Amino acid sequence: MLHALVGEMKEQTTRSIAPSIPMPAGKSDRRVDDSLASGPSSNAPGFSSQRLTAASDRRMLKEAQATHGNQAVLRALTHSSNTDPVTHAHSDADAATNNHVTFSGQTGGGSGSAAKSPTTQPATPAPAPQNKEGQNAPAPPASTSSETVDRIDIVDSASGATTGFQKVKEGDLNVPGPYNNPKTGGVSHALQVHFHLDKGDAANLTPKREIQMSASAGKKTFKNPPDQLPPAGQKGDPTPGGFEGSKVAPDGPRAHEIMRPTAKELVAADAPGTVVDPTKGGALYPVSIKAHFTLTVADKNGKDIARTRYDVLIEKTDEKNIPNKQNELAVLEKKDLVRGKDL
């Protein structure tokens, strides 16, 4: 009933709502929405995953269509589907799916065991100190950072690369640059970001990476974070996600992507691209990936001290398109946040 109706509507309209992926001239600072880590919103009427009666299905679908319009409803249902053979590979749940082509921001297919990215809950702010009259006392002067970074190197070739990273399915973290898997047809771009300290110990640094990705393989498309529907009861178009959107999603780095070669250096590696499981199907072409990353390191007090922003852009037209039509890294920013200067 409803599921058959939605299936028919999706079949008729999905081709007309596949997002185009314009490349903006530049990226501004992004606003983090932690709820995006778990996928698209499911709070709007009619988007529940619970089993409903046919009558309830029809009633809730009408309510959702009246509130958000047919396109928003269909787009939400498309994003929430678990049947598409192309998704992303950013969580253990994703890795457990049967999809044979996955889009990867952080690497997750290591040959050894890799710890999950640390997750921390924001601390509850302490109440402002008060003087004897019960008024807020002046804030103390800002403390200086325990660590500072004076150089950020983004390594895009074997020259200058740190070695010793474990094997991963997405590419070779020890040999940065374009990567094409000869056995599966997967394509990626490995890279390393080196943070050099002039004060403090690299053991105290905590890296955090965020992603905005729009990708496609064949006729399948993917965004991380996905488009976000308006809150329940509110009309309007979805807030765009992906490369061109205003939202960001967490992207590690995971423990196996981090090394500290010396007390004055932290290296974070990555290999954004596609992973293909040949036992479940061949690679899909053409492949297009546009991914924007923001990588920040914080000192032992949790204060952000340095940041870099970069894009990875990949286009592979078919199996024989090696070197790829496009497979490159574009560095947008390297910043010392303590002293407020570019590096």
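Values in this document were obtained by computation on a predicted structure and should not be read as measured data. For reference, positions follow the sequence shown, starting with 1.
Remark: Asp342 does not engage Lys334 in a salt bridge, criterion side-chain N to carboxylate O under 4.0 Å. Using a 4.0 Å cut-off between charged side-chain N and carboxylate O, Glu244 and Lys223 make a salt bridge.
Between the side chain of Ser214 and the backbone N or O of Gly242, no donor-acceptor pair lies under 3.5 Å. Looking at Asn321, its side chain does come within 3.5 Å of a backbone N or O of Pro323 through a donor-acceptor pair. A donor-acceptor pair under 3.5 Å is formed between the side chain of Glu257 and the backbone N or O of Arg254. Of the possible donor and acceptor atoms, one in the side chain of Gln212 sits under 3.5 Å from a partner among the backbone N and O of Gly245. Side chain of Arg260 to backbone of Leu205: a donor-acceptor contact under 3.5 angstrom is found. Side chain of Gln192 to main chain of Thr162: a donor-acceptor pair is present (N/O by atom type, distance under 3.5 Å, no hydrogens or angles). In this structure, the side chain of Arg209 engages the main chain of Asp251 through a donor-acceptor pair within 3.5 Å.
Asp198 and Thr148 share a side-chain donor-acceptor pair at under 3.5 Å. For the residue pair His194 / Glu265, a side-chain donor-acceptor distance below 3.5 Å is found, with atom types taken as modelled.
Rounded to the nearest 0.5 Å, atoms OG1 (Thr206) and NZ (Lys303) are 15.0 Å apart. Atom-to-atom distance recorded for Glu210:CD and Arg307:CZ is 10.0 Å, nearest 0.5 angstrom. With rounding to the nearest 0.5 angstrom, the NZ atom of Lys167 is 14.5 Å from the NE2 atom of His256. Between Ile152 atom CD1 and Asp336 atom CG the span is 8.0 Å, to the nearest 0.5 Å. Rounded to the nearest 0.5 angstrom, Glu147 CD and Leu266 CG are separated by 11.0 Å. Going from atom NZ of Lys247 over to atom CG of Asn224 covers 13.5 Å, rounded to the nearest 0.5 Å.
Here the closest heavy-atom approach between residue Leu295 and residue Pro207 is recorded as CD1-CB, 4.3 Å. Minimum interatomic distance between Thr239 and Ser246 (heavy atoms only, all atoms of both residues): CG2-OG, 3.8 Å. Shortest non-hydrogen contact noted between Ser146 and Asn301 is OG-ND2, 4.0 Å. Of all non-hydrogen atoms in Thr317 and Tyr285, the two that sit nearest each other are O-CB, 3.4 Å. Heavy atoms only, all atoms of each residue included: Phe165 and Asn174 are closest at N-OD1, 2.8 Å. Across Pro176 and Val155, no two heavy atoms sit closer than the pair CB-O, 3.5 Å.
Linking ILVMFWY side-chain heavy atoms closer than 4.5 Å, directly or via other members, places Val331 and Ile314 in a single hydrophobic cluster. Under the 4.5 Å side-chain heavy-atom criterion for grouping Ile, Leu, Val, Met, Phe, Trp and Tyr, Val276 is not connected to Tyr179 through any hydrophobic cluster. The hydrophobic clustering, which links ILVMFWY residues whose side-chain heavy atoms are closer than 4.5 Å, places Phe195 and Leu329 together. In the hydrophobic clustering of ILVMFWY residues, with side-chain heavy atoms under 4.5 Å counting as a link, Val149 and Leu337 come out apart.
Counting heavy atoms from C-beta on, the side chains of Asp156 and His189 come closer than 4.5 Å. Side chains of Pro272 and Leu191 form a contact here, defined as non-hydrogen atoms less than 4.5 Å apart. For the pair His292 and Thr294, the minimum side-chain heavy-atom distance is below 4.5 Å. Here the side chains of Val193 and Thr308 are in contact, with some heavy-atom distance below 4.5 Å. Residues Leu173 and Val168 have side chains in contact (heavy-atom distance under 4.5 Å, counting atoms from C-beta outward). By the 4.5 Å heavy-atom criterion applied to side chains, Arg339 and Asp150 are counted as neighbours. Gln228 has its side chain out of reach of Pro238: every pair of non-hydrogen atoms, C-beta onward, lies at least 4.5 Å apart. Contact annotation: the side chain of Asn327 approaches that of Val187 to within less than 4.5 Å [non-hydrogen atoms, C-beta and beyond].
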What's the verdict on side-chain contact (heavy atoms from CB on, under 4.5 Å) for Lys316 and Asn180, showing C-alpha distance, side-chain angles and the deciding distance?
CA-CA 10 Å; Lys316 185 175 182 180; Asn180 288 272; 3.2 Å; yes
Yes or no on side-chain contact (heavy atoms from CB on, under 4.5 Å) for Asn324 and Glu315, after CA distance, side-chain angles and deciding distance?
CA-CA 6 Å; Asn324 312 130; Glu315 285 191 55; over 6 Å; no
Derivation and outcome, side-chain contact (heavy atoms from CB on, under 4.5 Å), residues Asn204 and Asp299:
CA-CA 6 Å; Asn204 295 327; Asp299 65 12; 5.9 Å; no
Test log, rule side-chain contact (heavy atoms from CB on, under 4.5 Å), inputs Asp311 and Lys290
CA-CA 7 Å; Asp311 290 346; Lys290 293 183 178 181; over 6 Å; no
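Within 6.0 Å of the CD atom in Glu319, the count of heavy atoms belonging to other residues, nucleotides or ligands does not exceed 12.
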